[in-house]
Amino acid sequence: MLLAVILCFALCYVMAQFGVAELIIAIVFSLALVTCVVVGSNLFSGIILADIKLSRFTRKLKKQLKTASTIYIMGHKFSDLDSVGASFGLYWALRDNYNVVMVANKQNTLARPLIDFLRFSDRECQVFDYGEIKDTIDKNSLLIVMDTHRPVIMDYEELYNRVSKVIIIDHHLRSADFVDETVCKYMKSTASSTCEIVTLILRLLKIERPSTVAATALFSGIMLDTKNFVMNTNPNTFKAAAFLRQNRADPVLIKKMFSESVEVCKRKYEIVSGVELFENFAIAKTESEDQYTRIATAQAADELLAINGVFAAFVMCPSDGKINISARSFGDVNVQKIMARLGGGGHKTVAACQIAEDDFGKVEKRLRTAIKEYIKER
């Protein structure tokens, strides 16, 4: 910017030697140059921070918002910090101008600390179960689904089935059971998280000062899905994070949200202690099913990656008569492709699947077969 101004003054000085007309031309040219520099700077910090596709999506989103009677924002089952953080970030951005409702299963969630923080710190924030809002749905309702594109793992598939207009915002690779009928969607697997995408949407909506609560919620999802900025990062990840920190996002508070209970810690290390290695892949399981299982399983999968020589980790646990598999890697192994063979999905470094089976032996055999097939195709 300073260089452009200096060049403009130099140009005006030189042209003034030739006459008044030349000086006027130089001044007009200089004003145009400074304008371009300013606009370009704003674009870099805002629109180009995202991309053209996201800009187009945001315009479509705004059109759909205008015609909706009620806008429901919902994430996936066993919602995490990215799902809830992204939902609240968009909810906060829209609630002053639209009738927006945030929907989440408050009983089966991995983001209880974040939900409690939102309800305590933001007086206007309300999070509803499906049963509390099901009678408010009408033909003009709009559903925005965050952090998933698969109906089977949406927090409330019933809500999805009852709403005719659906919008998807997600960062996972496309699965076979994708929601085809949407009024618009934005999916970018190279984004670190859905919270990163929503942060860029806020910039495109000309929101330059999100509340501290909204900034913290969005920052929490980015921290979770990047494993504290180690995995799945890109330049936009750090630009989005910097924007949120400028608006007082609190990483210390978020770190406290990651803290675990003694029960979860014990269960996690019980799972880790039973690990078996298969072709440099760690496989573990727990047959216990209680309120700690989900969190302990995910954390155990992360912990197993710390074992020397392990390329990827898989942890199995029971859930409502089925068996879930949580998969993790550092990126050398694409666990999404392995989980896709078993009917699941996710991201290159974080994926999962759910198998309608209660026999761990059979499920482990299928998992090992999927791993072998993946190795052969690499």
Side-chain angles (χ1 to χ4, degrees), residues 1-5 34-55 57-58 61-62 73 80-97 100 102 111 113-115 117-125 146-147 169 171 186 188 190-258:
M1 179 66 181
L2 180 60
L3 179 60
V5 173
V34 172
T35 300
C36 288
V37 170
V38 172
V39 171
S41 176
N42 290 333
L43 283 173
F44 179 77
S45 63
I47 296 176
I48 293 179
L49 178 65
D51 56 36
I52 296 174
K53 182 180 177 182
L54 183 57
S55 301
F57 166 80
T58 304
L61 171 65
K62 291 167 70 174
I73 303 179
D80 57 16
L81 298 182
D82 189 35
S83 174
V84 174
S87 296
F88 179 79
L90 190 61
Y91 161 81
W92 177 87
L94 302 179
R95 70 185 182 188
D96 287 342
N97 299 311
V100 189
M102 187 173 164
L114 177 56
I115 291 176
F117 164 71
L118 296 176
R119 296 169 71 182
F120 176 79
S121 304
D122 189 311
R123 293 182 179 180
E124 296 181 42
C125 177
M146 314 294 287
D147 203 30
I169 302 176
H171 73 114
Y186 184 82
K188 189 170 185 178
T190 56
S192 69
S193 56
T194 308
C195 281
E196 176 188 315
I197 296 172
V198 172
T199 301
L200 300 182
I201 290 175
L202 260 59
R203 305 298 303 273
L204 292 169
L205 292 174
K206 307 300 182 184
I207 297 174
E208 295 297 329
R209 293 192 62 80
S211 70
T212 301
V213 177
T216 300
L218 291 167
F219 202 90
S220 73
I222 297 176
M223 284 184 65
L224 175 74
D225 278 13
T226 61
K227 301 292 185 291
N228 295 330
F229 299 96
V230 174
M231 310 291 292
N232 303 326
T233 59
N234 63 79
N236 278 343
T237 306
F238 294 99
K239 290 174 184 175
F243 170 73
L244 296 172
R245 281 291 287 131
Q246 287 171 354
N247 286 282
R248 304 173 305 284
D250 189 344
V252 175
L253 176 62
I254 296 167
K255 190 65 177 177
K256 292 179 180 178
M257 293 181 191
F258 291 156

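Keep in mind that what you see is a predicted model, and the values were worked out from it rather than measured.
Considering all non-hydrogen atoms of both residues, P210 and F243 come closest at CD-CZ, 3.7 Å. Among all heavy-atom pairs drawn from S192 and N234, the shortest one is N-ND2, 3.9 Å. Nearest heavy atoms, R245 versus P251: NH1-CD, 3.7 Å. Nearest heavy-atom pair, F238 versus T233, reported as atom, atom and distance to 0.1 Å: CE1-CB, 3.6 Å. Nearest heavy-atom pair across N232 and D225 is ND2-O, 3.4 Å. A pairwise comparison of heavy atoms in T194 and H171 identifies OG1-CD2, 3.3 Å as the closest pair.
Of the candidates T226, D82, V84, L81, D82 is the only one forming a side chain to side chain contact (heavy atoms under 4.5 Å, CB included) with C195. Between F88 and the choices I115, L118, L114, the side chain to side chain contact (heavy atoms under 4.5 Å, CB included) rule is met once, by L118.
For the atom pair CG of L94 and CG of L205, the computed distance is 7.0 Å after rounding to the nearest 0.5 Å. Interatomic distance, L90 CG to I73 CD1, rounded to the nearest 0.5 Å: 4.0 Å. Taken from NZ in K206 to OG1 in T58, the straight-line distance is 10.5 Å, to the nearest 0.5 Å. Rounding to the nearest 0.5 angstrom, the gap separating the OG1 atom in T237 from the CE atom in M231 is 12.5 Å. Distance CD1/I169 to CE/M146: 4.0 Å, rounded to 0.5 Å.
Counting non-hydrogen atoms of neighbouring residues, nucleotides and ligands closer than 6.0 angstrom, the CZ atom of R248 exceeds 12 such neighbours.
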Starting from the C-alpha separation in whole Å, work towards a yes-or-no answer on side chain to side chain contact (heavy atoms under 4.5 Å, CB included) for M257 and L224.
CA-CA 10 Å; M257 293 181 191; L224 175 74; over 6 Å; no
Verdict with supporting geometry, L54 and K188, side chain to side chain contact (heavy atoms under 4.5 Å, CB included):
CA-CA 9 Å; L54 183 57; K188 189 170 185 178; over 6 Å; no
Evaluation steps, side chain to side chain contact (heavy atoms under 4.5 Å, CB included), between V213 and W92
CA-CA 9 Å; V213 177; W92 177 87; over 6 Å; no
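In summary, the side chains of D147 and S83 do not present any donor paired with an acceptor at a separation below 3.5 Å, with no hydrogens or angles considered.
Y186 has its side chain out of reach of L200: every pair of non-hydrogen atoms, C-beta onward, lies at least 4.5 Å apart. Here the side chains of T212 and D250 are not in contact, with every heavy-atom distance at 4.5 Å or above. Side-chain contact between F57 and L204 is absent, with no heavy atoms from C-beta onward closer than 4.5 Å. Under the 4.5 Å side-chain criterion, counting only non-hydrogen atoms from C-beta, V252 is not in contact with K255.
With S220 contributing its side chain and A217 its backbone, the two residues share a donor-acceptor pair below 3.5 Å.
With ring centers used as reference points, F229 lies under 6.0 Å from F219.
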